[in-house]
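Below is one structure, written out as structure tokens; the observations come after it.
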Amino acid sequence: MVAAVLRWYADNARDLPWRHPGAPEEVAWPVLVSEVMLQQTPVARVEPVWRAWLERWPSPAALAAEAAGEAVRAWGRLGYPRRALRLHAAAVAVVERHGGRVPSDPQALLALPGVGSYTAAAVGAFAFGQRVAVVDTNVRRVLARAVQGRAQPAPALTAAETALAVEVLPEAPAGDSRLPARWSVAVMELGALVCTARAPRCGACPVADLCAWQRAGAPPDDGPARRGQAWHGTDRQVRGRLLALLRDAPGPLDGPALSAAWDDDEQRERCLASLAEDGLVVPSGGGWSLPL
DNA sequence: TATTCGTGGCA
DNA sequence: TTGCCAAGAAT
């Protein structure tokens, strides 16, 4: 399976800018930025924001020197804007705790704001070439099908899935220390381009012949139905509208200006309060602004 | 462990 | 058109 997937990746990998090779100290920050932006966000929407972000803040120190609100503004419409705040906080932590260099130590990475088990592993593998299991939704889906014979992975990451990812992670042969990391990105790419959630292109899959799910006749998902994310009328929608107004405004906005975001006064105020609690907005001159 | 947290494209 | 889903993290 390893050789087939690696061959497929060599021929089919997308040319994504954060994958361009380089010394760890050169690529660690770009990789970290990409991984945080890619959390729950499609590649196509990340790429232009990532380019502008790194042009403006080519190092953690550059970002750390700016107001957090500028990060929120530059985040644009990527969604989950708390990630922008956390990435800014991570830059500050990198400067304060690691001399401005993104750490390679897994525990140090995990300790950074906005960096969880996936992102820490991804930075370790893709920036530093470490042999660590990178378990994202793509990897989980590919392994669920190819190895476990299931249509979809469990609703939440389980210890068994992590153990399986560790089990299939290849050793680095002599002279190719980065092969385990390449395996991880290859499986992710396979999940993103071929072994997709909805309509997998099994005819184009390099491991279709040994896929447990295919061999079982591609049975439908037998797990519990996933509950969709509500949107219309939710606090998320209201928070999104409020923040959109503030992103597009040069300075603070007062109550009347923000009332344009949502008619329901009670819900609007509640959401404003929750945004303030998250640090995404701060009181400013009787109104509100992005954090300073 | 289950929820919460944006946004927009696509089937 | 509506629901699904996209390189998760924090609580």
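In the text below, chain A, chain B and the rest are named by the order of the sequence lines, each starting its count at 1. Just so it is clear, the structure is predicted and the values come from calculations on it, not from any experiment. Atoms considered below: every heavy atom in the structure, side chains included; atoms not considered: hydrogens, waters and symmetry mates.
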In B/S/- notation, 5' to 3', how is nucleotides 4-11 of chain C contacted by protein heavy atoms closer than 4.0 Å?
BSBBBSS-

Side-chain polar contacts of residues 173-194 of chain A - donor-acceptor pairs under 3.5 angstrom, sequence neighbours left out - could you list them?
from, atom 1, to, atom 2, distance (Å)
A:Asp176, OD1, A:Arg182, NH1, 3.3
A:Asp176, OD2, A:Arg182, NH2, 2.9
A:Arg178, NH2, A:Phe126, O, 3.0
A:Ser184, OG, A:Pro180, O, 3.4
A:Glu189, OE1, A:Arg14, NE, 3.3
A:Glu189, OE1, A:Arg14, NH2, 2.7
A:Glu189, OE1, A:Arg19, NH2, 2.7
A:Glu189, OE2, A:Arg14, N, 2.8
A:Glu189, OE2, A:Arg14, NE, 3.0
A:Glu189, OE2, A:Arg19, NH1, 3.2

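Rounded to a whole angstrom, the distance from the P atom of B:dG8 to that of C:dA9 is 23 Å. C:dT11 sits 11 Å from B:dT1 when the C1' atoms are compared, rounded to a whole Å. With both ends at atom P, the span from C:dA7 to B:dC5 equals 22 Å, rounded to whole Å.
With sequence neighbours excluded, the residues satisfying side-chain hydrogen bond (donor to acceptor under 3.5 Å, both in side chains) with A:Arg51 are A:Glu47. Remark: A:Thr41 pairs with A:Arg83 by the side-chain hydrogen bond (donor to acceptor under 3.5 Å, both in side chains) rule, at least two apart or across chains. Residues passing the side-chain hydrogen bond (donor to acceptor under 3.5 Å, both in side chains) test with A:Arg97: none are found, sequence neighbours excluded. The side-chain hydrogen bond (donor to acceptor under 3.5 Å, both in side chains) test applied to A:Arg86 returns no partner, not counting sequence neighbours.
A:Leu157 comes within contact range of no nucleotide atom at all, as no heavy-atom separation falls under 4.0 Å. A:Pro155 comes within 4.0 angstrom of nothing in the nucleic acid, heavy atoms only.
Every pair passing ring-ring contact (aromatic ring centres under 6.0 Å, His included) that includes a residue from residues 47-93 of chain A is listed here, sequence neighbours excluded: A:Trp18-A:Trp50, A:Trp53-A:Trp57, A:Trp53-A:Trp75. The stretch residues 203-220 of chain A participates, sequence neighbours left out, in no side chain to side chain donor-acceptor pair (under 3.5 Å) pair at all.
Running 5' to 3' along DNA chain B, contacts with non-hydrogen atoms of chain A at under 4.0 Å begin and end at B:dT3 to B:dC10.
Sequence order on DNA chain B of the closest nucleotides to A:Arg77 and A:Ala199 puts A:Arg77 first from the 5' end.
Put simply, the side chain of A:Arg101 never gets that close to the backbone of A:Pro60: no donor and acceptor are under 3.5 Å apart.
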